[in-house]
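Report on one structure; see the data block that follows.
Chain naming here is simple, since letters A, B, ... match the order of the sequence lines and numbering starts at 1 in each. Note: hydrogens, waters and symmetry copies are ignored here, and every other heavy atom, side chains too, is used.
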Number of protein chains: 2
Amino acid sequence: MKKQVYSFGNGTADGDGKMKEVLGGKGAGLAEMCRANLPVPPGFTISTEVCNIYFQNNNQVPNEIDAQMLEALRMLEQRMGQKLGDTGNPLLVSVRSGAKFSMPGMMDTILNLGLNDQTVLAVEKKSGNPRFAYDCYRRFIQMFGNVVLDIEKHDFDQIFEGRKKKVGAKFDTDLTADDLKAVIADYKKLVQKKTGKPFPQEAMHQLTMARDAVFRSWNNARAIHYRRMNGIPDDLGTAVNVQAMVFGNLGETSATGVGFTRNPSTGEKVFYGEFLINAQGEDVVAGIRTPQPIAALESVMPEVYNQLREITTNLEKHYRDVQDFEFTIQEGKLYMLQTRNGKRTGPAAVRIAVDMVEEGLISKSEAVLRVDPQQLDQLLHPVLDPASKKALQLIAKGLPASPGAAVGTIVFTADHAVEASKKAPVILVRAETVPDDIHGMEVAKGILTSRGGMTSHAAVVARGMGTPCVAGAGAIEVNEHKKEMTVAVNGRKLVLKEGDWLSLDGSTGEVFEGRANTIEADPSSGILATFMGWADEFRGKFGVRANADIPRDAKVARRFGAEGIGLCRTEHMFFAEDRIPHMQAMILARDEKTRRKALAKLLPMQRKDFAGLFQAMAGYPVVIRTLDPPLHEFLPKREQLMVDIAKLPGADLKTKKEMVSRYERFGATVATLKKVLPELLARVEELHEFNPMLGHRGCRLGITYPEITEMQARAIFEAAVQVARKGVKVIPEVMIPLIGGVRELENQKKIVVQVAEEVLGKAGMNGMKYMVGTMIEIPRAALTADEVAREAEFFSFGTNDLTQTTMGLSRDDYTKFQMDYENAKIFQNDPFAVLDQDGVGKLVGMAVKLGRGARPELEVGICGEHGGEPNSVQFCYRVGMNYVSCSPYRVPIARLAAAQAAISGDKSEAMRTA
Amino acid sequence: MKKQVYSFGNGTADGDGKMKEVLGGKGAGLAEMCRANLPVPPGFTISTEVCNIYFQNNNQVPNEIDAQMLEALRMLEQRMGQKLGDTGNPLLVSVRSGAKFSMPGMMDTILNLGLNDQTVLAVEKKSGNPRFAYDCYRRFIQMFGNVVLDIEKHDFDQIFEGRKKKVGAKFDTDLTADDLKAVIADYKKLVQKKTGKPFPQEAMHQLTMARDAVFRSWNNARAIHYRRMNGIPDDLGTAVNVQAMVFGNLGETSATGVGFTRNPSTGEKVFYGEFLINAQGEDVVAGIRTPQPIAALESVMPEVYNQLREITTNLEKHYRDVQDFEFTIQEGKLYMLQTRNGKRTGPAAVRIAVDMVEEGLISKSEAVLRVDPQQLDQLLHPVLDPASKKALQLIAKGLPASPGAAVGTIVFTADHAVEASKKAPVILVRAETVPDDIHGMEVAKGILTSRGGMTSHAAVVARGMGTPCVAGAGAIEVNEHKKEMTVAVNGRKLVLKEGDWLSLDGSTGEVFEGRANTIEADPSSGILATFMGWADEFRGKFGVRANADIPRDAKVARRFGAEGIGLCRTEHMFFAEDRIPHMQAMILARDEKTRRKALAKLLPMQRKDFAGLFQAMAGYPVVIRTLDPPLHEFLPKREQLMVDIAKLPGADLKTKKEMVSRYERFGATVATLKKVLPELLARVEELHEFNPMLGHRGCRLGITYPEITEMQARAIFEAAVQVARKGVKVIPEVMIPLIGGVRELENQKKIVVQVAEEVLGKAGMNGMKYMVGTMIEIPRAALTADEVAREAEFFSFGTNDLTQTTMGLSRDDYTKFQMDYENAKIFQNDPFAVLDQDGVGKLVGMAVKLGRGARPELEVGICGEHGGEPNSVQFCYRVGMNYVSCSPYRVPIARLAAAQAAISGDKSEAMRTA
């Protein structure tokens with residue numbers, strides 16, 4: 001029979017601190033503390049595996065494990081010299097959950113188990129403190145009733161508060177023993193009423209019931225939710241810790257408290273925590289009485305205080321990390337109830353890691369591993385002042401689509417955003433954004449949408465620009481025409497108009513009415529700089545670049561440590577006010593000559609953009625992708641046109657003028673609407689696609705219209721020459737999107753090389769090093785990567801589209817059934833946030849191998865959104881990529897993730913040759 | 001120096017009949033005939049490789065090859081006792097192209113080369129026939145001028161016809177030698193005028209110019225087009241055959257002709273062909289004089305006729321195939337100029353193959369290999385009577401989307417099709433069809449669309465139903481509202497109205513105005529049955545199933561030899577008139593209970609459908625796919641709703657009534673339109689998708705609405721029980737579509753198995769064998785096929801969608817740039833017609849291997865459109881699938897393709913275990 005129950009106590013333990021898998025975090029900590037001879041109440045831990053067995057076995061623990069538990073209980077009784085349920089000297093125990101990963105407050109705890117109408121008398125007698133005895137009993141009934149018997153906490157509170165009111169008690173402690181007896185009587189009645197049975201008096205029965213309830217709590221709604229949020233697998237299970245009770249509520253020399261060895265918010269090296277005199281565990285966190293700061297313990301019980309400091313300091317040294325501990329003082333004697341590595345904020349994580357290196361406690365590599373890359377985000381964006389958040393009305397919650405705080409006045413259209421932003425900061429509020437909104441998004445301090453997910457247009461673009469964004473706040477209704485948004489807040493309908501102030505927290509998804517204060521982030525902070533320096537040492541040659549389309553973003557990227565641009569989306573430049581008319585003229589052109597004329601107007605503009613990027617990235621490579629989106633994205637929406645045409649016959653002048661404002665650019669006047677609209681619709685219909693994602697875009701445009709590729713290549717190389725002439729080192733990498741095989745690349749590369757040779761030749765700069773490569777974003781390109789690499793000098797995995805095609809999943813439409821897929825446990829993570837390593841990743845790995853097989857010096861990177869997600873970055877490192885590219889604000893996160901991958905040493909070194 | 005020029009003549013040859021690769025078909029045939037000591041004018045062949053060298057070498061033949069040619073020319077001169085350009089006894093030669101694959105009429109030929117102002121005198125003198133000499137010379141100038149010097153044929157014709165008119169000649173032969181001299185003088189003036197140079201007189205120069213022109217003709221537009229149509233690679237090149245001239249125009253004992261050893265249209269074993277007395281080669285095909293049937297030769301020149309019969313009969317025996325030959329009789333002496341395997345129609349191919357086996361000429365396996373599976377199509381559909389085609393006006397040409405002839409009266413809507421078809425056969429004419437049109441498509445004799453490609457909805461559904469279809473006839477404008485179609489024919493605008501007669505040829509894409517006669521096909525023809533029987537012997541265990549949704553199609557499929565149903569698309573059943581209201585109610589339901597109520601109404605209908613299929617496929621497996629298309633396909637179109645809502649405020653009663661007719665089903669009346677339409681639009685908007693192909697469909701629906709899968713499973717197994725009770729063997733295979741990995745399958749399989757066990761258990765039929773499997777149509781499913789096979793009992797590759805996702809290519813949108821891709825030579829074939837073996841095929845092969853690795857008995861098939869395309873069928877055989885499934889009318893084609901694959905023996909036997 002496999003060992004499933006582990007005893008601990010009296011300076012020894014069956015398990016130890018490394019056995020988190022089996023004992024859970026709490027159980028392992030208790031075992032380790034016992035072995036270190038710290039004052040820990042004895043007990044035993046039922047392993048996490050039993051939790052799974054319990055569920056598989058029809059919610060029952062098999063007899064042989066019951067037997068092991070009984071044996072451990074006997075040992076505990078021996079150690080305590082007490083017996084569970086004994087009416088003379090009864091053993092009381094706590095029953096607590098404890099999974100491998102800490103899930104604070106997510107699962108259940110029962111204290112004082114073993115009390116019943118008989119044993120309470122023994123406790124009363126033994127303690128000489130009737131109030132204590134009955135307080136313990138009523139707490140036990142309350143917790144047991146709630147956790148095991150599923151009775152609402154509220155029902156117990158009502159009885160308890162009713163009693164306090166009746167006797168005029170202010171604090172819980174004002175209730176006398178008799179009051180508590182009355183409460184207990186009422187509690188028992190409540191239990192009888194709700195469960196149809198009396199409160200269980202048999203102590204052993206109490207114990208098995210409590211144990212099973214803890215197991216069940218593993219699958220309560222909030223635990224499941226927590227695991228999903230934190231990526232904790234569902235099949236780990238929780239352990240159950242049964243431990244002899246010690247009492248912090250035995251009078252003024254008793255207390256209970258929690259603490260950290262360092263400040264978990266700031267990382268400052270100060271002893272941190274709080275305690276309550278004459279209280280039991282849950283009182284500290286329940287907020288009924290205000291606990292005292294832990295420093296106060298020094299004056300109240302100096303000896304205990306010093307012992308606690310010594311123990312926790314040693315624990316920190318032993319575990320080599322900040323400790324989060326719980327203790328109880330029973331009549332002047334200190335007991336340690338738990339210790340574990342403390343959770344901390346991003347800033348604290350960085351500070352603690354750096355301090356500990358300086359204290360000689362951990363190595364630099366350990367320090368680098370100690371900070372969750374995702375946490376760095378908190379250090380890189382301004383945040384809303386917590387005081388402001390409390391003062392303002394929270395009106396909605398959406399998805400935390402792009403982190404940081406934003407405060408501004410509401411605008412409902414991109415055009416108006418541009419205007420209004422000249423006077424005040426603006427928040428762009430849209431049902432959803434479209435590429436046409438780009439100029440408004442650029443000037444907005446924050447973006448709020450009522451529709452769309454974490455990878456909606458608004459979210460992706462906002463993250464790229466580092467603009468805070470709350471997406472998919474479904475409770476808000478946006479009415480662009482009325483220029484107002486409505487939302488129900490506590491039952492009342494709140495209407496906000498253009499110009500009203502709004503505050504967004506893009507890190508939490510919260511939306512506040514009114515004007516909050518913000519606290520600026522300090523990305524060049526001394527400690528952060530030190531920390532990132534260490535990370536970069538370990539990261540070595542593995543590069544981190546940024547996705548940036550305009551010089552402003554490129555500059556931010558450099559400041560955040562980007563070593564080049566991994567993706568410049570040239571089309572973003574075409575949506576600008578001064579360019580879109582030429583772009584549209586190009587699209588509406590019926591022949592190559594007219595098209596070339598329009599392109600000629602775009603050429604100097606693109607050249608200027610590229611020159612700015614080359615300048616900002618002096619000495620670093622700049623990957624420029626040729627035109628990618630389908631052309632209809634640049635034209636008016638088909639439905640709008642159809643509706644306008646339908647409305648036209650009966651339209652009044654005002655409506656017509658409104659239409660003209662939409663189609664002015666296409667030669668519409670009130671008189672010509674009737675002619676222009678159907679013509680325009682005809683072209684839009686021609687370009688209309690059923691599945692634009694799989695349509696006429698990417699290199700397919702360049703193959704149909706080689707003159708577009710030609711113009712873009714010309715703009716790139718003329719800009720390169722221009723900047724190089726100033727003595728700046730320029731490294732252009734031209735990237736062809738959406739190829740399905742080598743032939744498309746061949747076709748487009750030929751055009752690019754021809755233009756490059758011509759432009760560089762004319763400038764006498766034939767020596768300038770440049771590359772032509774391709775996105776790998778279609779499965780076929782990955783499957784035939786060996787052939788593709790014959791032509792491609794670099795690969796850049798476009799994992800956004802590669803995920804869409806490999807999974808057959810449109811990221812725009814996926815949100816409709818995302819919840820169903822999560823509930824059915826089909827996806828572990830959102831595949832657009834975290835790279836699907838089993839499927840998409842398999843294809844990526846295959847392509848890297850095939851590509852390098854054909855061209856060993858092939859440069860390989862990633863430019864999808866995953867390039868800034870730590871797990872995905874580590875995957876990219878492992879498969880042997882040369883770099884990742886992500887939005888500028890995520891560059892430090894990627895740098896850290898890469899460093900951690902390097903330290904873990906889990907890479908296919910053989911594959912990384914360039 | 002590699003041998004590039006091959007001599008032949010006088011009973012010997014450097015090459016032989018197997019060297020088609022090097023000598024081209026014609027050159028190899030000439031060499032082989034020489035070796036067989038047949039009367040062949042001597043000559044030499046310049047190899048196909050020289051053609052490629054010519055293009056790579058800046059359109060020049062390298063000197064060393066020129067030297068080889070000169071040597072061969074010397075040998076030829078020796079053999080003939082003549083010399084090129086000699087003014088005493090000049091050698092005249094023909095210069096002809098000849099590629100590996102015959103490309104009749106696609107490339108160029110020059111006769112009588114070597115003639116000039118001097119040598120013509122020698123020919124005149126030697127032949128004693130001035131008319132002959134000058135006729136040869138004028139023909140030479142004409143051909144050389146056209147082929148080598150790029151002068152329009154028309155310009156020569158004008159001179160020639162002018163002369164005929166001037167002298168009152170009816171036939172070419174009426175012109176005298178003096179007339180011809182005058183023609184030659186005018187020809188030479190024309191050459192001087194057009195090229196700025198005199199007609200080249202130097203014979204050697206003529207030869208190299210002609211040779212180079214033949215090389216160049218490899219890349220003329222019609223040759224490129226022909227290669228593309230016939231899948232011939234561009235890099236094969238053409239050989240050049242230089243051969244001593246023999247003359248069929250030396251008077252009444254001379255002649256020239258072409259023939260076949262059997263009738264190439266019907267396959268009948270009769271000597272077949274035609275000839276002209278006193279004529280040169282091109283006269284036979286030019287149609288100026290009407291040739292005589294070859295039988296007439298027997299009476300004119302009986303000896304020559306017998307010699308020709310003997311020679312060609314021997315040639316047929318030698319090559320063991322029908323021969324297509326050319327001959328010339330010069331003053332009573334027979335010369336063979338060419339022999340090659342003859343092209344033939346589908347019916348002829350089958351008949352010849354079967355006859356030759358019966359004659360003991362070839363084996364059964366050779367017979368099976370002799371028929372191009374694609375050609376069988378001609379035997380399986382009715383065809384338009386060729387006489388009718390000539391008599392009627394061709395008004396447009398579209399894509400040959402579904403073969404066969406259709407004649408009927410025009411209807412423009414599906415509803416009207418149903419009505420009108422009760423009175424007369426109808427042709428459904430639509431801009432494009434949608435699933436909603438299915439009832440109209442079912443009753444139509446033929447379908448014509450102005451938009452969409454070979455895999456558009458119309459095309460796919462039509463092929464599935466075996467209904468002739470011409471798709472994407474872009475010249476036609478369809479106006480559903482006006483109930484008319486317009487098309488420009490020879491400059492005039494033709495308007496056809498509802499009820500007008502139309503004839504379609506779905507095999508050619510031709511559309512005729514009026515009512516053509518049709519000739520019925522005879523699928524159970526004795527010869528065809530014999531032939532298919534042989535094919536099936538070789539095919540062995542490799543199965544051919546059909547895609548069929550309704551019992552009628554299933555019956556056709558059985559008649560065509562299908563061994564089961566490989567795909568039943570259950571959704572097609574929901575579009576029927578009596579079902580769609582329940583389907584729509586189901587979609588509009590806001591909660592599970594309402595949804596279940598609507599589903600309950602669909603259950604008996606589906607059960608009946610399935611029972612019909614099981615009955616029709618007694619003893620064979622029936623693969624039924626659960627619901628696949630996105631739900632919005634069942635609702636009104638979003639744009640239509642938006643337009644109707646926009647129109648509503650100013651609409652008159654008539655318009656409103658029209659709207660009501662569209663939305664009656666959703667409770668719309670004239671009074672409620674204002675309320676119903678926006679509500680309906682709201683739900684349609686909810687379901688609207690940006691990329692429906694990658695959206696909420698397939699198993700994703702079943703995961704969101706498990707009750708749909710449950711209802712379908714219930715219908716399947718209740719039907720199975722019903723039919724099995726009648727003593728019919730039922731083999732249901734339930735197929736889950738669009739999975740991306742094993743978890744989706746797991747989820748849906750659980751539902752299916754639960755229902756199956758319940759239904760079968762209740763019926764006491766637990767022993768019924770059934771399977772649950774999955775489509776593999778998403779790359780991720782293929783990549784993780786080992787995991788998927790843990791749950792899947794069978795795989796069926798949905799290569800339509802797998803091609804779309806693997807190539808990132810929407811088949812609905814691809815037609816927009818298909819032409820650009822073909823011109824840029826990016827695709828060899830339309831990947832939706834012929835499986836892309838390098839990309840998609842790689843994934844398929846990988847998935848088969850992974851799947852069988854995890855579950856050796858895994859049943860693997862294909863149900864995409866490719867399942868009926870011969871190359872793809874052979875691929876499926878090679879990768880070790882168990883069967884292919886295709887539309888009923890393609891079943892014989894697939895059977896033959898599979899048999900050919902089996903004979904070629906090119907299969908991975910190791911992989912086929914089940």
Is there a side chain to side chain contact (heavy atoms under 4.5 Å, CB included) between A/Asp820 and B/Arg700? Walk through the geometry before answering. CA-CA 9 Å; A/Asp820 302 321; B/Arg700 297 163 189 174; over 6 Å; no
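In terms of heavy atoms, A/Met693 sits closest to B/Leu694 at CG-CD1, 3.6 Å.
The candidate from A/Glu689, A/Glu746, A/His688, A/Arg638 with the greatest count of non-hydrogen atom pairs under 4.5 Å with chain B is A/Glu689. For the set B/Lys647, B/Lys816, B/Glu787, B/Arg451, the count of heavy-atom pairs under 4.5 angstrom toward chain A peaks at B/Lys816. Between chain B and the options A/Gly650, A/Ala824, A/Pro692, A/Pro649, heavy-atom pairs under 4.5 Å are most frequent for A/Pro692. Of the listed residues B/Gly695, B/Gly741, B/Gly808, B/Ala651, the one with more heavy-atom pairs under 4.5 angstrom with chain A than any other is B/Gly808. Comparing B/Thr806, B/Val742, B/Thr805, B/Leu809 by heavy-atom pairs within less than 4.5 Å of chain A, the highest count is held by B/Thr806.
Atom CD of B/Glu432 has more than 12 heavy atoms from other residues, nucleotides or ligands within 6.0 Å. Shown here is B/Glu477, whose CD atom has no more than 12 heavy atoms of other residues, nucleotides or ligands within 6.0 Å. No more than 12 heavy atoms of other residues, nucleotides or ligands lie within 6.0 Å of CD in A/Gln828, so this atom counts as exposed by the packing criterion.
Against chain A, the residues from residues 835-844 of chain B that qualify, each with a non-hydrogen atom under 4.5 angstrom away, are B/Asp836, B/Asp838, B/Gly839, B/Lys842, B/Leu843 in number order.
With values rounded to the nearest 0.5 angstrom, B/Phe817 atom CZ is found 10.5 Å from A/Arg697 atom CZ. A/Leu641 contributes atom CG, which lies 12.0 Å from atom CD of B/Glu639 (distance to the nearest 0.5 angstrom). Rounding to the nearest 0.5 Å places CG of A/Leu783 at 5.5 Å from CE of B/Met846. Note that NE2 of B/His696 and OG1 of A/Thr815 are 10.5 Å apart. Values are rounded to the nearest 0.5 Å.
Heavy atoms of B/Glu686 lying under 4.5 Å from chain A belong exclusively to its backbone. Using a 4.5 Å cut-off between heavy atoms, B/Tyr814 does not touch chain A at all. Only the backbone of B/Leu687 has a heavy atom closer than 4.5 Å to any heavy atom of chain A.
B/Asn691 contributes no side-chain N or O that, together with a main-chain N or O of A/Ser810, makes up a donor-acceptor pair within less than 3.5 Å. Between the side chain of A/Arg743 and the main chain of B/Ile826, a donor-acceptor pair closer than 3.5 Å is present.
By the salt bridge (charged side-chain N to carboxylate O under 4.0 Å, His left out) test, B/Glu791 is found to be paired with B/Lys749, residues two or more places apart in sequence or in another chain being considered. A search for salt bridge (charged side-chain N to carboxylate O under 4.0 Å, His left out) contacts involving B/Asp813 returns nothing, not counting sequence neighbours. Legend: residues meeting salt bridge (charged side-chain N to carboxylate O under 4.0 Å, His left out) with B/Glu633, ordered by chain and number and at least two apart, are absent.
Between B/Met642 and A/Met642 there is no side-chain heavy-atom pair separated by less than 4.5 Å.
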